[in-house]
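Fair warning: this is a prediction, and the values are worked out from it, not measured in the lab.
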Amino acid sequence: MKKRGVRNNVRSRRRALDITQDELAKKAEVTRQTIIAIEKERYEPTIGVALLISKALGDSVENLFYLEDDEQGD
């Protein structure tokens, strides 16, 4: 079974709200480097970080983070 990666809409939501990565990081109580890594999908956040980002962006975790579809369509 192929492992599915976590994808996200953090960058597009942040841009829609016209806030910088630094502003989001401060609101979510994480570093700017964490936001960069999440937006580039180089880091899969913990549940706690995902919840903090969700709250900071005013959106649900489910709208911001999702599993990529695997090739088999499971």
Side-chain angles (χ1 to χ4, degrees):
M1 176 187 283
K2 179 183 171 189
K3 180 183 176 194
R4 294 187 228 180
V6 174
R7 302 291 183 229
N8 71 76
N9 296 313
V10 173
R11 178 179 288 149
S12 61
R13 178 68 175 146
R14 176 182 60 77
R15 287 181 173 172
L17 295 172
D18 196 30
I19 61 174
T20 66
Q21 290 173 331
D22 192 52
E23 290 169 325
L24 175 56
K26 287 176 183 172
K27 285 183 175 188
E29 302 172 25
V30 298
T31 65
R32 183 174 153 266
Q33 288 77 16
T34 297
I35 299 301
I36 292 167
I38 290 169
E39 288 186 355
K40 291 184 176 185
E41 297 179 342
R42 293 183 182 157
Y43 170 67
E44 292 182 11
T46 63
I47 296 295
V49 170
L51 289 167
L52 288 168
I53 290 171
S54 170
K55 183 177 179 181
L57 292 174
D59 207 341
S60 70
V61 173
E62 295 83 2
N63 284 339
L64 294 173
F65 299 93
Y66 57 94
L67 290 173
E68 70 179 338
D69 292 330
D70 65 9
E71 294 176 2
Q72 298 170 0
D74 291 330

Would you confirm whether E44, through its side chain, and G5, through its main-chain N or O, come within 3.5 Å as a donor-acceptor pair?
no
Please answer whether the main-chain N or O of E41 pairs with a side-chain N or O of N8 as donor and acceptor at a distance below 3.5 Å.
no
Please identify each residue that fulfils side-chain hydrogen bond (donor to acceptor under 3.5 Å, both in side chains) with T31, with sequence neighbours left out.
T34
Sorted by first residue and then second, give each salt bridge (Lys or Arg N to Asp or Glu O under 4.0 Å) pair with at least one member in residues 49-61; sequence neighbours left out.
R13-D59
Would you tabulate the side-chain donor-acceptor contacts of residues 14-24 under 3.5 Å, counting partners in other chains and residues two or more places apart, or write 'none'?
from: R14; atom 1: NE; to: E39; atom 2: OE2; distance (Å): 2.6
from: R14; atom 1: NH1; to: I19; atom 2: O; distance (Å): 3.0
from: R14; atom 1: NH2; to: E39; atom 2: OE1; distance (Å): 3.2
from: R14; atom 1: NH2; to: E39; atom 2: OE2; distance (Å): 3.4
from: T20; atom 1: OG1; to: D22; atom 2: N; distance (Å): 3.4
from: T20; atom 1: OG1; to: E23; atom 2: N; distance (Å): 2.9
from: T20; atom 1: OG1; to: E23; atom 2: OE1; distance (Å): 3.4
from: Q21; atom 1: NE2; to: E39; atom 2: OE1; distance (Å): 2.8
from: D22; atom 1: OD2; to: K26; atom 2: NZ; distance (Å): 3.2
from: E23; atom 1: OE1; to: T20; atom 2: N; distance (Å): 2.7

Treating Ile, Leu, Val, Met, Phe, Trp and Tyr as nodes and any side-chain heavy-atom pair under 4.5 angstrom as an edge, say whether [X] and [Y] lie in one connected cluster.
X	Y	result
I38	V61	yes
L57	V6	yes
L51	F65	yes

Would you say L67 has more than 12 foreign heavy atoms packed within less than 6.0 Å of its CG?
yes
Quick check on R32: does its CZ atom have over 12 non-hydrogen neighbours (other residues, nucleotides or ligands) under 6.0 Å away?
no
Quick one: closest heavy-atom pair of I35 and V30, and the distance?
CD1-CG2, 3.7 Å
Heavy-atom nearest pair, A50 first then P45, reads N-CB, 4.2 Å
